[in-house]
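First comes the structure, then the notes that go with it.
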Amino acid sequence: MKNKLFICVFTLLSLYACKNETSYDEPFITDIRIEETGQRLHPGDLVHIYGNGFQENDQTELEFRWNTEDELLPEGFNGPVTVEPTKRNPDEIVIRMPYRMPESRVEIFLRRNGDRMSLGEIQLADGMTPKDFRLYGLNTAGNTIETIYADYGTEMKKWGTEAHANFHSPANCTMTYGLCGLAGENGTAEPFFFDFCTGEWKALDAYSLKHTLALVDLGGNSVAAIQSAEETDKYILNNVSDELERSNWAVPSRSNTPPLPALHELPEGYAPEEFGDYPGVTMEGNKISLLSADKGEGQWGLVLYELTSGFHVLKEMEAGAIIPFYFRVETSAAETPARQHKMAGYIISSPSSEDESLFCLLNDEEPGLEEPFTTLPGKVISVTHRPDRFGTLTVLVENNGKRSVCEYDWNRKSWETYPELSDVTYESVVWAN
């Protein structure tokens, strides 16, 4: 019912928009011909549109319609979607078909000032990205991101990351088919999105900010960044994933965390470069973010960021690393109503691969670490959570010089290994779709 409702809303909005378009008496493009008419195009294919009268400031818009296989609402709709031509001449424009769309009938429009005219229609093949979650590994030495595990007979892919070889702190934003992360740019850390569809990088610096302290995973649905404003050393939380395209047009999937007016200074004795090795995570409600700071010489700070009051040092301690984590659990079927909630805390990674790493939840009522709910032999390198598998944590751990991937099940209170990932060279692992 929810999907039907939003398809209906999209359709009504499109009808309203069409009704309120400024009409035109004479077409402002003549002798129109689309070279690919009648072909079934794929995401990334070029469309060559010929005609007389194209101008530099013309905008090209697409409207997508697809069969929903629903008797009540048989047609889905998305549009108008503005696309920037790859080539523009007075007698020709060339546009590229976008990714992450269902198999669609695509009508192409040209907008000039308040007027809009149809240029024609083409057919687009299915470009929806994977719904299932896959495990990806960042191979810093080889400058690659690789698919390293999937539940089905999935093609294992590999992408080069030479353009940002220092890409780190990966975070998943669901249904984007790519990864958010940090990379050095102009002497500071900046957020980027690596697109698995195109192999291209997208800078996520929508605001005029000069430094990103750390990314914050808001629970898989969106990614925020703690960033400083121009000409100040104070920091603010910004959502940097709002404009990412998602392969989900039936329900709304973009959340918005607007910048708050308050700016916050770092705790005394802490420097920007000490943060950002690992993405932060949030407690239930997304008001408190868990961060970690590398103070050097094996000393780490556990730092909380609260939206209205700013930074608070929870404690400092010796460790190989301090890594924030979260996972979701679901109440038992006997409880009514059943619901999900988030559990968050810190991994106190062992300085030595011969000792044990500790997994501790954060008590948010009287902020402090609880006693470890589990331990793992070795030094934890990276942690990730698969959103569709409640109560699990997937970790990359180094033990006796070898790195492997294993998973903790909160419900069974037990660890399992991935036999095929028992000797790997990755710096980070992350579940994403």
Side-chain angles (χ1 to χ4, degrees), residues 168-171 213-217 226 266-267 269-271 273-284 288-306 311-329 342-385 391-410 413-417 426-431:
H168 66 284
S169 196
L213 193 75
L215 292 184
V216 179
D217 183 340
I226 298 178
L266 285 177
Y270 282 74
E273 59 272 16
E274 296 171 351
F275 294 83
D277 286 347
Y278 306 99
V281 303
T282 57
M283 302 288 290
E284 184 79 20
I288 298 177
S289 300
L290 282 62
L291 307 173
S292 62
D294 184 358
K295 304 293 293 178
E297 299 182 352
Q299 195 76 10
W300 286 76
L302 287 66
V303 181
L304 305 182
Y305 177 87
E306 205 274 332
F311 298 94
H312 306 273
V313 178
L314 183 64
K315 65 185 302 184
E316 293 185 357
M317 60 191 309
E318 291 185 1
I322 297 292
I323 309 175
F325 72 86
Y326 82 95
F327 58 92
R328 295 190 182 278
V329 297
K342 188 190 297 183
M343 306 182 77
Y346 288 98
I347 299 171
I348 305 168
S349 183
S350 167
S352 167
S353 64
E354 283 77 31
D355 295 326
E356 287 191 324
S357 294
L358 311 179
F359 292 69
C360 304
L361 293 174
L362 183 69
N363 185 329
D364 59 339
E365 294 182 2
E366 296 181 4
L369 293 182
E370 298 180 358
E371 290 297 313
F373 62 84
T374 189
T375 62
L376 182 66
K379 179 180 180 179
V380 173
I381 307 298
S382 173
V383 63
T384 181
H385 167 60
T392 60
L393 279 176
T394 305
V395 302
L396 174 67
V397 63
E398 183 176 301
N399 198 307
N400 296 321
K402 296 176 66 174
R403 293 187 177 184
S404 59
V405 178
C406 55
E407 188 165 274
Y408 179 74
D409 189 325
W410 170 268
K413 304 294 189 279
S414 63
W415 286 94
E416 292 185 6
T417 60
Y426 305 114
E427 295 296 326
S428 299
V429 293
V430 57
W431 287 106

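Below, each value reflects all heavy atoms present in this structure, side chains not excepted, and no hydrogens, waters or symmetry copies.
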Exercise for the section: Examine distances only and state if a side-chain atom of N399 and a backbone atom of P377 form a donor-acceptor pair shorter than 3.5 Å. Expected result: yes
Problem - Nearest non-hydrogen partners of Y278 and A321, listed with the distance - result: OH-CB, 3.3 Å
Handout entry: Aromatic contact, F373 with Y408 (centres under 6.0 Å)
Key = yes
Handout entry: Heavy-atom pair of closest approach, residues E427 and L396
Key = C-CD2, 3.9 Å
Practice task
Taking the six-membered ring for Trp and the full ring for Phe, Tyr or His, determine whether the centres of F325 and W410 are under 6.0 Å apart.
Solution key: no
Handout entry: Closest non-hydrogen atom pair between C406 and V397, with its separation
Key = SG-CG1, 4.1 Å
Exercise for the section: For the residue pair F311 and F275, categorise the inter-ring angle as parallel (less than 30°), tilted (30 to 60°) or perpendicular (more than 60°). Expected result: tilted
Completion exercise
One should read off an interatomic distance between D294 CG and Y270 OH, to the nearest 0.5 angstrom, of 10.5 Å
Practice task
Mark yes when over 12 heavy atoms from residues, nucleotides or ligands other than E370 sit less than 6.0 Å from its CD; otherwise mark no.
Solution key: yes
Practice task
Indicate yes or no for a side-chain donor-acceptor contact from T394 to the backbone of E407 under 3.5 Å, with no hydrogens or angles considered.
Solution key: no
Exercise for the section: Could I get the full list of side chain to side chain donor-acceptor pair (under 3.5 Å) partners for T282, not counting sequence neighbours? Expected result: N286, K342
Handout entry: N/O donor-acceptor pair under 3.5 Å between S292 side chain and I322 backbone
Key = yes
Completion exercise
Looking only at heavy atoms, the pair that brings P267 and V313 closest together is CB-CG2, 3.6 Å
Problem - E356-S350 side chain donor-acceptor pair, cut-off 3.5 Å - result: no
Practice task
List the atom of A319, the atom of I348, and the distance in Å for their closest heavy-atom pair.
Solution key: CB-CG2, 4.0 Å
Completion exercise
Minimal heavy-atom distance between W415 and V395, with the atoms involved, is CZ3-CG2, 3.7 Å
